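Worksheet: the structure to be examined is printed underneath.
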Amino acid sequence: MRTHHPVIIVHGGAGHPPEETLSKRLKGCEQAALIGWEILQKGKSALEAVEMAVIELEDNPLFNAGTGSTLNVHGQVEMDAAIMDGRTLKAGAVATVSRIRNPIHLARKVLEDGRHVLLGGEGAHRFARQSGVPEYPPESLIVEDARRRWEKQHGTVGCVALDQAGGIAVGTSTGGLFDKLPGRIGDSPLLGCGTYADDSGGVSCTGNGEAIIRVVMAKTTLDFMRAGSHPMDTAKKAVALLEEKTGGKGGLIIIDKNGKVGYARSTSEMPICVVSGPGKIFTDR
Ligand code: GLY
């Protein structure tokens with residue numbers, strides 16, 4: 001039964017990207033949001049829409065996730081991702097995977113499998129093989145620009161969606177921080193930190209993972225929202241808290257259970273796209 005008008009929001013990462021890439025990043029966010037929107041319009045689940053929208057962003061080399069992920073101190077790609085269903089609290093996440101083209105898809109497999117919430121490193125790759133998720137040479141995920149573009153900057157992609165049945169889902173995927181140590185895990189695959197959804201809403205964060213983890217940003221944001229503020233005010237409050245408590249910079253996107261959207265950033269840019277109502281597209285930077 002249709003009870004809600006679907007809404008979807010995606011972000012392409014908080015950071016300070018080169019100005020000349022901004023319009024392409026906004027376009028990339030729009031394409032991803034529309035892919036998710038079409039899935040929602042067909043009456044499919046928010047989980048499905050979020051996975052497909054994030055896959056689109058992971059496949060776009062302009063974003064720091066999947067193909068185009070930033071490099072660690074050894075010049076290698078190590079990616080994190082998580083996906084969560086707000087109604088059931090089912091979640092799946094992967095950390096430090098290097099040979100997976102779409103970490104969000106592997107995270108969804110972890111969710112569907114249901115035995116665990118977060119798999120890392122070689123164990124995650126073994127699970128991928130058992131689940132029929134193909135592995136690729138890690139070099140195939142590196143694009144030349146990633147070697148330069150992300151120096152000392154952050155980026156992540158994320159999506160929150162509300163489906164026609166009122167279900168909320170969230171997904172976040174990232175190559176993490178440039179020059180990070182091998183084995184470093186950021187906020188994105190940690191539930192409550194970079195990614196969280198429950199029956200009140202869903203939140204995907206972006207920015208300095210070490211700072212975001214310390215304030216448990218995604219869950220803290222939903223707790224603020226439950227206390228009564230509009231998602232837009234809530235987003236601003238959460239980003240201010242991040243800066244006040246840790247000095248960290250970042251941003252986040254929210255959808256609440258009524259389909260109200262919020263987003264905020266403390267960096268110079270965070271491309272976002274919202275699709276709502278009868279397919280109304282809104283972008284911001
Ligand atoms: N927020 C992405 C990361 O720090 O890994």
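One-based numbering along the sequence shown. What you are looking at is a predicted structure, and each value in this text was computed from that prediction instead of being measured. Numbering of ligands and ligand atoms starts at 1, following listing order.
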Exercise for the section: Give yes if a backbone or side-chain nitrogen or oxygen of Asn208 is under 3.5 Å from a nitrogen or oxygen of ligand 1, and no if not. Expected result: no

Practice task
Examine Leu222 and Val50 and state if one hydrophobic cluster contains both, with Ile, Leu, Val, Met, Phe, Trp and Tyr joined whenever side-chain heavy atoms are less than 4.5 Å apart.
Solution key: no

I need the atoms of ligand 1 closer than 4.0 Å to a non-hydrogen atom of [X], numbered in the order shown.
{"X": "Gly207", "value": "1 (N), 2 (C), 3 (C), 4 (O)"}
{"X": "Leu177", "value": "4 (O)"}
{"X": "Thr156", "value": "1 (N), 2 (C)"}
{"X": "Gly176", "value": "5 (O)"}

Handout entry: Options Arg184, Met79, Glu78, Lys180, ranked by nearest heavy atom to atom 4 (O) of ligand 1, top entry
Key = Arg184

Exercise for the section: Let me see the working for Arg108 and Glu112 under salt bridge (Lys or Arg N to Asp or Glu O under 4.0 Å), right down to the final yes or no. Expected result: CA-CA 6 Å; Arg108 174 90 190 263; Glu112 300 297 347; 2.8 Å; yes

Problem - Between Ser188 and Thr172, a side-chain donor and acceptor under 3.5 Å - result: no

Fill in the blank from the handout: Partner of Val160 under side chain to side chain contact (heavy atoms under 4.5 Å, CB included), picked from Thr195, Val10, Ile168, is Ile168

Handout entry: Axial cation check for Tyr136 ring with Arg99, 6.0 Å and 45° limits
Key = no

Exercise for the section: Would you please determine whether Gly194 falls within less than 4.0 Å of ligand 1 on a heavy-atom basis? Expected result: no

